[in-house]
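Take a look at the structure below.
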Amino acid sequence: MQVVFKIVRQTENAAPRVESYSLEVEPGNTILDCLNRIKWEQDGTLAYRKNCRNTICGSCSMRINGRSALACKENVGSEVARFAPDAEVPEMMIAPLGNMPVIKDLVVDMSSFWANLKAVDPYVSTAARQVPEREFLQSPAERDKLNQTGNCIMCGACYSECNAREVNPNFVGPHALAKAYRMVADSRDDSTIDRLEKYNEGTSGVWGCTRCYYCNSVCPMEVAPMDQIGKIKNEILDSETVDESRSIRHRRALINLVKQGGWIDERQFGLKVVANNFRDLQGLSSLVPLGLRMIGRRKFPFGFEKSEGTKTVRSLIESVQAFEAQSKS
Ligand code: SF4
Ligand code: SF4
Ligand code: FES
């Protein structure tokens, strides 16, 4: 089968350009096989990362037809079936990962990716414990909790697609938070409270995630970073020692107000979350300009009417809460 590979080429600080390479390939050839042939047979200047060729090292991550994936995992046949099933000469669009600057062609500078991983303290801490004579033992059930996050090969596909990372340079990213959950879940680690405090901070940790699901959908190892972020959020919400942040108040106020009125009473929401029930005077004063603007535009809700479906909504929330409490016990 004849296929045209359209590859985004770029050198640092220069404008990207697209170059096309035509190849005769088999459907079972991986995208990496094809890039190797382009480099060896047509253009030795093409730059990309690779190593294991077997979905293990995470080096060959790139954007293949618009989504971040491993070049050694995806093959031509499935890409054609998905994106160009009727094309006489199908085209493959190959581009570098997003959210990281390009060094050359498909090679990106992953410094921020590694720095953000380091920022979550991705090492088991046993500092406050007596080190046993031989080793810290875990039961099979305790070890099982680490399997999913332990599968991460640090390929960067999730980081490349992360919407939160794109707009918030402080957000550490899905790979780092998946690793963070691995540490929280590790029975040998003795820093859970410190970790939860750290991951609870502002929008650099779990509350920075916009829950777009992209990380879950592109991860080649089924780590499901967004699910791990959700588990950390639950640990934070359940913790009695972690300081109540604005994000926690946001979550609790939202649920309580919807339980009370079937939908959100916006007048109370700001006061509970931003002003912390009149305890945060700075937060309270920050609401004044917004309130005045809303009044000026006749959008301030002076009254509140409960939803007709309040009872149903409340019983739904209570059922979910009872289910959650039961599954934790
Ligand atoms: S779900 Fe959250 S962490 Fe995952 S890609 Fe979206 S914003 Fe990023
Ligand atoms: S979580 Fe998945 S997509 Fe993200 S770095 Fe790890 S293996 Fe890659
Ligand atoms: S070359 Fe190692 S994961 Fe693709």
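Atoms within a ligand are numbered from 1 in the order they appear, just like the ligands themselves. Everything quoted here is computed from the prediction, not taken from an experiment. Hydrogens, waters and symmetry mates play no part in the numbers below; they use all other heavy atoms, side chains included.
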Atoms in ligand 2 flagged as close to M154, the criterion being non-hydrogen separation under 4.0 Å: 5 (S), 6 (Fe)
Proximal atoms of ligand 1 relative to I229 (non-hydrogen, under 4.0 Å): 3 (S)
Residue that, paired with Q148, satisfies side chain to side chain donor-acceptor pair (under 3.5 Å) out of E222, Q228, R182: Q228
Heavy-atom neighbours of E41 CD exceed 12 at 6.0 Å: yes
Which of the ligand 2 atoms, numbered from 1, are nearer than 4.0 Å to a heavy atom of G156: 5 (S), 8 (Fe)
Donor-acceptor pair between K272 and N256 side chains, under 3.5 angstrom: no
Closest approach of any protein heavy atom to atom 8 (Fe) of ligand 2, naming residue and atom: C155 SG, 2.4 Å
OH/Y213: more than 12 non-hydrogen atoms of other groups inside 6.0 Å: no
Atoms of ligand 2 close to P225 [distance to a heavy atom under 4.0 angstrom, numbered from 1]: 1 (S)
Contacting atoms of ligand 1, where contact means under 4.0 angstrom from a heavy atom of M226: 1 (S)
Residue, atom name and distance, where the atom is the protein heavy atom closest to atom 2 (Fe) of ligand 2: C219 SG, 2.3 Å
Element-labelled atoms of ligand 3 that are located less than 4.0 Å from some non-hydrogen atom of C57: 1 (S), 2 (Fe), 3 (S)
Proximal ligand 1 atoms for Y213, defined as those under 4.0 Å from one of its heavy atoms: 1 (S), 6 (Fe)
Location of contacts on I56 toward ligand 3, heavy atoms closer than 4.0 Å: backbone
Close-contact set for ligand 3 against C72 heavy atoms, below 4.0 Å: 1 (S), 3 (S), 4 (Fe)
Identity and distance of the protein heavy atom lying nearest atom 1 (S) of ligand 3: R53 N, 3.2 Å
Subset of ligand 1 atoms that lie under 4.0 Å from at least one heavy atom of A164: 7 (S)
Closest protein heavy atom (residue, atom, distance) for atom 7 (S) of ligand 2: I153 N, 3.5 Å
Nearest neighbour in protein (non-hydrogen) for atom 4 (Fe) of ligand 1: C215 SG, 2.3 Å
C155 N/O/S atom closer than 2.8 Å to atom 4 (Fe) of ligand 3: no
Closest protein heavy atom to atom 3 (S) of ligand 2, given as residue, atom name and distance to 0.1 Å: C158 N, 3.4 Å
Proximal atoms of ligand 2 relative to P220 (non-hydrogen, under 4.0 Å): 3 (S)
Atom indices of ligand 3 within 4.0 angstrom of T55 heavy atoms, with elements: 3 (S)
Any side-chain donor near an acceptor of the partner, S217 and R67, under 3.5 Å: no
Residues, nucleotides or ligands: over 12 heavy atoms within 6.0 Å of E142 CD: yes
R211 and ligand 1 - part of the residue with a heavy-atom distance under 4.0 Å: backbone
Crowding at CZ, R37 (>12 non-hydrogen neighbours, <6.0 Å): yes
Heavy atom of the protein closest to atom 6 (Fe) of ligand 1 (residue, atom name, distance): C212 SG, 2.3 Å
Atom indices of ligand 1, in the order listed, that fall short of 4.0 Å to a heavy atom of T210: 2 (Fe), 7 (S)
Ligand-residue contact atoms, ligand 2 with V223, heavy atoms, under 4.0 Å: 1 (S)
R143 CZ: over 12 foreign heavy atoms closer than 6.0 Å: yes
N, O or S from C52 under 2.8 Å to atom 4 (Fe) of ligand 3: no
Minimum-distance protein heavy atom relative to atom 3 (S) of ligand 3: G58 N, 3.2 Å
Joint hydrophobic cluster, V273 plus V206, side-chain heavy atoms closer than 4.5 Å: no
Enclosure of E24 CD (heavy-atom neighbours >12, cutoff 6.0 Å): yes
Metal check, atom 2 (Fe) of ligand 1 vs C162 N/O/S, cut-off below 2.8 Å: no
Lys/Arg-Asp/Glu bridge criterion (N-O < 4.0 Å) met for D186, R195: no
Polar contact flag, side-chain donor to acceptor under 3.5 angstrom, Y214-S68: no
Hphob cluster co-occupancy, I229 + W207, side-chain heavy atoms under 4.5 angstrom: yes
N, O or S atom of C152 closer to atom 6 (Fe) of ligand 2 than 2.8 Å: yes
Ligand 1-proximal atoms of L177, by part, heavy-atom distance under 4.0 Å: neither
Over 12 non-hydrogen atoms of neighbours within 6.0 angstrom of NZ in K145: no
Test item: side-chain donor near acceptor, S22 and Q2, under 3.5 Å: yes
Side chain N99, main chain R165, donor-acceptor under 3.5 Å: no
